[in-house]
Amino acid sequence: MMFAGLGIFVLIFVLLTPGPRATMAASLQAVAGWLVSWAPFSFILLAILLVMPVASIYLMKTWPVREEPENPMAKYRREVIDDGE
């Protein structure tokens with residue numbers, strides 16, 4: 001965990017340089033071109049990718065709570081006798 005902050009700090013300065021910034025811009029332009037060229041399929045895929053986290057969170061929140069079954073040996077336990085002390 002100690003190196004996570006250092007890694008993020010170094011990553012910020014690497015991303016500030018023009019080389020990686022140009023590479024990221026080129027990759028984003030390529031993704032935008034793919035979205036436009038495969039228009040119906042890509043937008044359906046993008047919608048599925050955006051809806052799935054919301055659907056999974058909804059499913060986890062509304063999932064029924066598991067009830068523990070009753071212990072079948074509970075009826076054979078001896079009752080604790082209160083001496084009244």
Side-chain angles (χ1 to χ4, degrees):
M1 228 29 217
M2 174 175 75
F3 295 108
L6 177 65
I8 292 172
F9 184 73
V10 170
L11 185 64
I12 288 172
F13 283 104
V14 167
L15 293 178
L16 288 176
T17 59
R21 206 176 328 145
T23 304
M24 288 186 342
S27 65
L28 286 175
Q29 286 177 350
V31 168
W34 181 82
L35 281 172
V36 170
S37 64
W38 287 84
F41 173 72
S42 64
F43 291 132
I44 291 170
L45 182 66
L46 188 61
I48 290 171
L49 288 175
L50 292 176
V51 168
M52 284 308 293
V54 175
S56 64
I57 290 171
Y58 175 76
L59 185 66
M60 287 188 287
K61 293 287 184 185
T62 59
W63 196 263
V65 178
R66 181 176 184 255
E67 295 178 14
E68 292 293 328
E70 185 180 336
N71 184 1
M73 297 302 290
K75 62 183 175 182
Y76 297 112
R77 279 195 194 140
R78 302 170 98 194
E79 293 292 325
V80 177
I81 300 172
D82 187 19
D83 291 337
E85 292 179 13

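- Residue pairs meeting the ring-ring contact (aromatic ring centres under 6.0 Å, His included) criterion with at least one partner in residues 49-68, sequence neighbours excluded, are absent.
- Under a 4.5 Å side-chain heavy-atom criterion applied to ILVMFWY residues, the cluster that includes Ile44 comprises Ile48, Met52 as well.
- Trp34 pairs by the side-chain contact (heavy atoms from CB on, under 4.5 Å) definition with Trp38, Phe41, Ser42, Leu45, not counting sequence neighbours.
- With sequence neighbours excluded, the residues that form a salt bridge (Lys or Arg N to Asp or Glu O under 4.0 Å) with Glu68 are Arg66.
- Take Ile8 and apply the side-chain contact (heavy atoms from CB on, under 4.5 Å) test, not counting sequence neighbours, and it matches Ile12.
- Other cluster members for Leu28: none, since no ILVMFWY side-chain heavy atom sits under 4.5 Å from it.
- One distance of note links OG1 of Thr62 with CD1 of Ile57; it measures 11.5 Å at 0.5 Å rounding.
- For Phe9, the ring pair (Phe, Tyr, Trp, His ring centres under 6.0 Å) criterion is met by Phe13, not counting sequence neighbours.
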Distance-only check: which donor-acceptor pairs under 3.5 Å involve side-chain atoms of residues 17-27, not counting sequence neighbours?
from: Thr17; atom 1: OG1; to: Val14; atom 2: O; distance (Å): 2.6
from: Arg21; atom 1: NH2; to: Leu16; atom 2: O; distance (Å): 2.3
from: Thr23; atom 1: OG1; to: Gly19; atom 2: O; distance (Å): 3.1
from: Ser27; atom 1: OG; to: Thr23; atom 2: O; distance (Å): 3.4
from: Ser27; atom 1: OG; to: Met24; atom 2: O; distance (Å): 2.8

